[in-house]
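To start, the structure itself, in structure tokens.
For ligands, and for the atoms within them, numbers begin at 1 and follow the listed sequence.
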Amino acid sequence: MQELTHYIGGEHVKGTSGRFADVMNPATGEVQAKVPLASADELDKAVQIAAEAQPAWAATNPQRRARVLMKFVDLLNRDMDKLAEALSREHGKTLPDAAGDVQRGLEVVEYCIGAPQMLKGEYTDNAGPGIDMYSMRQALGVTAGITPFNFPAMIPMWMFAPAIACGNAFILKPSERDPSVPLMLAELMEEAGLPKGILQVVNGDKEAVDAILYHDVIQSIGFVGSTPIAEYIYGTGCSQGKRVQCFGGAKNHMIVMPDADMDQAADALIGAGYGAAGERCMAISVAVPVGDETADRLIEKLVPRIEKLKVGPYTAGADVDYGPVVTAAAKENILRLVQTGVDQGAKLVVDGRDFSLQGYEDGYFVGAHLFDNVTKDMDIYKTEIFGPVLSTVRAKTYEEALSLAMDHEYGNGTAIFTRDGDTARDFANRINIGMVGINVPIPVPLAYHTFGGWKKSVFGDLNQHGPDAFKFYTRTKTVTSRWPSGLKEGGEFHFKPMD
Ligand code: NAD
């Protein structure tokens, strides 16, 4: 069986803690590799190497640093198929989806090639008599990131590309469920010319995360994952004096107004609700049709589309709509929640509970589910299911639909489908959610905008990528200077300032 490694100091390093986790093939339910779970000592070794390498990297001019990222983009394109295949094998998503995962990370790398422009400081001459003042953005030092299983290429790149472009060293603790692609990315960064020790991968679980949280040298932590862990990491990291940003879970609502193009809305819900088996933080998990007539029309259009969805392993070809979920535990949890929905009185319009795929009976495939008549008090409404389960909550009016989304504890993404500009504008202005789509079901901002939710979907002030990333990964220093040559002999100014 393949034994995966850490990537420390530019080398593949075997784990020494004696602890390992199984890396599964979710399509077959077989163990395909084991990944080492780092001890605090192994993490410390990576931190020492990073701390030694970082000053020279920070002193390298930003354009040269950016050239490494430029070359990295070429290598990502060269190895796209290889990366997508490795990603699908461990995560289970389809190959086009896996390539999209790499691509959305790559776009942030491209954006970070603009680091020299983003890192330019500010300058005021004659801030006082003979006094100049300038502000510069300096790297933090050793930074770290903890990432989830569902985007094992994109989210690490969202973190390490800006961190490294700003002159930091970065230690990545990827998800133990799909660690191969992060290791491949670290190798490619080095092939692109990154000095050893600037990007390292330390695999692990809570023990490695705690070692990061309590390590004195680590200056900042980026986290993406579920809300309870986000809350823990934010609280602990801040109490240790670190700069922390944490992005958590979601329950994204899509409001469908009576005037919406119902075919377009149904198509959008299929992609956004069931794509990637619903394992996206921007997946739509709640449809909110306004009015019973809209709800009936929507459900009527959704059912045949859902029944046509093709579920299968990534190896089955391009017409597979979604693959297995990531673990047996995830599958069990999804089916348990579906059962609570039935028990609590929701109407299961499409029942995927008995789904089984011939030849892949041990894989973690979950059939598509559609609920109608879901209410606010039900577990399937309150909880992030993270599976192919779409709940329909019927609202009588637009105001009721709006307050439903506003009252939910999560605030990552949302969408409204309507032809009415007034309603769309009102929705975009009033909703207390970070990313809003108007006739766009998954409104993920592009690399040069920022990504982040509100409410319990985020802990911290700055968003991911876009200009915020350059703020998160740097500190501002402001210098005030006066030079003796600005004065004539005897303390008089060359130019007398105005009173
Ligand atoms: P997770 O919270 O289980 O794991 C995320 C990371 O935290 C992993 O690296 C894991 O090893 C580590 N971890 C897990 N348990 C820990 C513990 N007790 N102490 C310390 N560290 C721990 O999340 P996941 O299942 O990998 O990912 C799915 C979740 O991520 C969903 O809730 C999804 O909504 C969320 N997500 C959010 C965003 C966003 O931008 N808001 C993006 C992607 C995923």
Any N or O of [X] that comes nearer than 3.5 Å to an N or O of ligand 1?
X: Asn150; answer: no
X: Ile146; answer: no
X: Thr147; answer: yes

Could you tell me the residue and atom name of the protein heavy atom closest to [atom], and the distance to it rounded to 0.1 Å?
atom: atom 18 (N) of ligand 1; result: Ile229 CD1, 3.5 Å
atom: atom 27 (O) of ligand 1; result: Pro148 CB, 3.3 Å
atom: atom 40 (O) of ligand 1; result: Phe451 CE2, 3.1 Å
atom: atom 31 (C) of ligand 1; result: Glu384 OE1, 3.5 Å

Close approach, Arg280 and ligand 1, non-hydrogen under 4.0 angstrom
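No; Arg280 lies far enough from ligand 1 that no heavy-atom distance drops under 4.0 Å.
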Check: Phe151 ring centroid to His91 ring centroid under 6.0 Å:
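No.
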ring-ring contact (aromatic ring centres under 6.0 Å, His included) test vs Trp158 passes for just one of Phe170, Phe451, Tyr111, Phe247, namely Phe451
Are there protein heavy-atom neighbours of atom 4 (O) of ligand 1 below 4.0 Å?
no
Could you check Ile233, Val224, Leu462, Asn463 and say which one makes a side-chain contact (heavy atoms from CB on, under 4.5 Å) with Gln245?
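Among Ile233, Val224, Leu462, Asn463, the one meeting side-chain contact (heavy atoms from CB on, under 4.5 Å) with Gln245 is Leu462.
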Nearest to atom 28 (C) of ligand 1 by heavy atom, Phe223, Trp158, Phe247, Phe386: which?
Phe386
If the plane angle is over 60° it's perpendicular, under 30° parallel, otherwise tilted; pick one for His12 and Tyr7.
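The arrangement is perpendicular - the two ring planes meet at more than 60°.
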Could you grab the distance from atom CZ of Arg280 to atom CD1 of Ile442, nearest 0.5 Å is fine?
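Result: 4.5 Å between the selected atoms.
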